[in-house]
Number of protein chains: 2
Amino acid sequence: MSDTRYICPHSSRPTWRRDRRKNDALADLFSRRPLHYRAREHLFLEGDSCEGVFLILSGTVIVYTMTLNGQRQIQNFAGAGELLALNFSGNHTTSAQALTDVTVGILPRLAFNQALQTSDRFRPTIFERIDEMLDAARRQAMLLGCKGALEKTATFLLDLENGGEGSQGQFIPIPMSRCDIADFLGLTLETVSRMLGRLKRQDIIDLPRADCFRIKDPKRLAQIAGLETDFGHMCGNPDRF
Amino acid sequence: MSDTRYICPHSSRPTWRRDRRKNDALADLFSRRPLHYRAREHLFLEGDSCEGVFLILSGTVIVYTMTLNGQRQIQNFAGAGELLALNFSGNHTTSAQALTDVTVGILPRLAFNQALQTSDRFRPTIFERIDEMLDAARRQAMLLGCKGALEKTATFLLDLENGGEGSQGQFIPIPMSRCDIADFLGLTLETVSRMLGRLKRQDIIDLPRADCFRIKDPKRLAQIAGLETDFGHMCGNPDRF
DNA sequence: CGGTCACTTGACGTGACTCAAGAGTAGTGG
DNA sequence: CCACTACTCTTGAGTCACGTCAAGTGACCG
């Protein structure tokens, strides 16, 4: 698709998620009454009335929606420092499920709106987050609409690495199942497994166990993910090796 | 993907775009200095510095991003009453191109921020729009990640119909090319054409010319789009007829 | 009337899904 | 410590939906 008359982006614009550990003006407001959820518990369901805005203090939350025929699209794996249910209408438009054990702070809708109105420190922070969410949604659309299975998987691994500390060459945990990854990337769990296997066999990643990995060749991984121009012409090549 | 332990949505939640013709508190603020663009002109490019927020007064704008290997993902076809460049950081994260001739109002960043701060009528309107944009992005992710080609095409037609007036059974123009539709749905233009042909042959839509259509069987179209539970079990059936 | 352009249609190839079997890994109980 | 179970993950073989390539059709325009 697309033809030559469309104009290319000025930069590759990696737009990684901001550092989630600096919780800025938020933590103090939200930490009034922290709540705990066990892994697999639901924080809320699509359609539920929305009591307030959530700030994740620890753990990871799966934000997803379901189709009528029972397919799940994971919108986001939200980690510490991220906001949930930042909608201003009455009801939740997604479901949220704890992937790991999770702690959240809740800011009731009224207090949230009030803070938006009064606090000149709070408002820009919220808008910054909204920006990030919109941008993340756009990148997700690009991923789902434009990329192939290997590209998607590579992108996912790079995002995972970037979500963790700046741990160069260290092992990074994969907290979610293959099924979760598949529902996030719009693939099947078998395909995800195959693509991981391919990256492993090509010596681009280390995958000693199913639930953690290490990037051995960041450059090639980025190329495969479509984040750098590809000089080696080895992007979509088959497995044979 | 997905298995039985995930919980289904409470409602089908069609969440159609709001009526764009009621421009609420926005029109007066934005209409100070209206600008005109010819079809195919660019309003701005990804990476450009962002002078202000755009309100579309008339026409349709293609909001898109490009991958490094030259693929285009159309994020949105934005019509009259919709906001563009509602980002709070310095640079545009998408490109915007006029599909038809377009008139827009621009509100400079400073004035926008000020209005947000001071006007209690303006702020909720903006948040409402942000909600809509986030929700649209989520639905787009579902479309791209979960749906097949026929499902996507049907969904697109229903969205188009809903974007126009509440014209029951009337012909609806298709202002964009097959290529645009394809880049929006994550398909090829050939596949889009084939799916439209299939819907036409099955007597679900009328397609007398390439650039307008009419829905003949809304119920079946909605079923195919995955918006209603399917009793006929004819959703994914092949073309043969 | 001939040229250009977008759309349509067909034949073919292939990437990802489906179905099904096997391999780890963790947890439980004797 | 070693079965035995119950997972999830991996791997393979076959199928199908969608993409690719290419030819054909129709509308618009000079």
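Protein chains get the first letters and strands the later ones, always in sequence-line order, with residue 1 at the start of each.
In this structure, the side-chain contact (heavy atoms from CB on, under 4.5 Å) partners of A:Ala85, at least two apart in sequence or on a different chain, are A:Phe44, A:Cys50, A:Phe54, A:Asn87, A:His92. Among residues two or more places apart in sequence or in another chain, the salt bridge (Lys or Arg N to Asp or Glu O under 4.0 Å) test is passed with B:Lys200 by none.
If you measure from atom CD of B:Glu151 to atom C1' of D:dC18, you get 14 Å, rounded to the nearest angstrom. Atoms CG (B:Leu187) and P (D:dT20) sit 11 Å apart, rounded to a whole Å. The nearest whole Å value for the distance from the CG atom in B:Leu199 to the P atom in C:dT9 is 13 Å. In this structure, the NZ atom of B:Lys147 is 18 Å from the P atom of D:dA17, given to the nearest Å. At whole-Å resolution of the value, CE in A:Met195 and P in D:dC9 are 16 Å apart. Protein atom CG of A:Leu207 is 10 Å distant from nucleotide atom C1' of D:dC9, rounded to whole Å. Spacing between atom CG of A:Asp180 and atom P of D:dC7 amounts to 16 Å, rounded to whole angstrom units. The CG atom of B:Leu189 sits 13 Å away from the P atom of D:dC21 (whole-angstrom rounding).
Contact of B:Glu190 with D:dC21 (side chain to base): a donor-acceptor pair of N or O atoms is detected under 3.5 Å. Side-chain to base pairing of B:Arg194 with D:dT20: one donor and one acceptor N or O lie within less than 3.5 Å of each other.
Put simply, A:Thr191 has no side-chain N or O that comes within less than 4.0 Å of OP1 or OP2 on C:dA16. OP1 or OP2 of C:dA26 sits under 4.0 Å from a side-chain N or O of A:Arg209. Contact between the side-chain N/O atoms of A:Thr188 and the OP1/OP2 oxygens of C:dA16 is not found at any separation under 4.0 Å.
A:Ala182 approaches A:Val192 most closely through the heavy-atom pair CA-CG2, 3.8 Å. Across B:Gly81 and B:Leu55, no two heavy atoms sit closer than the pair O-CD1, 3.5 Å.
No hydrogens or angles considered: nothing links the side chains of B:Thr65 and A:Arg138 as a donor-acceptor pair under 3.5 Å.
Take the nearest nucleotide of DNA chain C for A:Pro208 and for B:Ala210: the residue whose nucleotide is more 5' is B:Ala210.
Bending across the helix from C:dC1-D:dG30 to C:dG30-D:dC1, expressed as the angle between its end axes from five pairs apiece, amounts to 30° (10° rounding).
Considering B:Arg72, B:Gln71, B:Arg178 as possible partners of B:Asp183, the one that fulfils the side-chain hydrogen bond (donor to acceptor under 3.5 Å, both in side chains) test is B:Arg72.
Side-chain atoms of A:Arg178 lie closest to D:dT10 of the nucleotides D:dC18, D:dT10, C:dT8. Closest approach to the B:Ser177 side chain among D:dC18, C:dC7, D:dT10 is made by C:dC7 (side chain taken as heavy atoms from C-beta onward).
Within the 4.5 Å cutoff, the side chain of B:Thr94 has no heavy atoms near those of the B:Tyr64 side chain.
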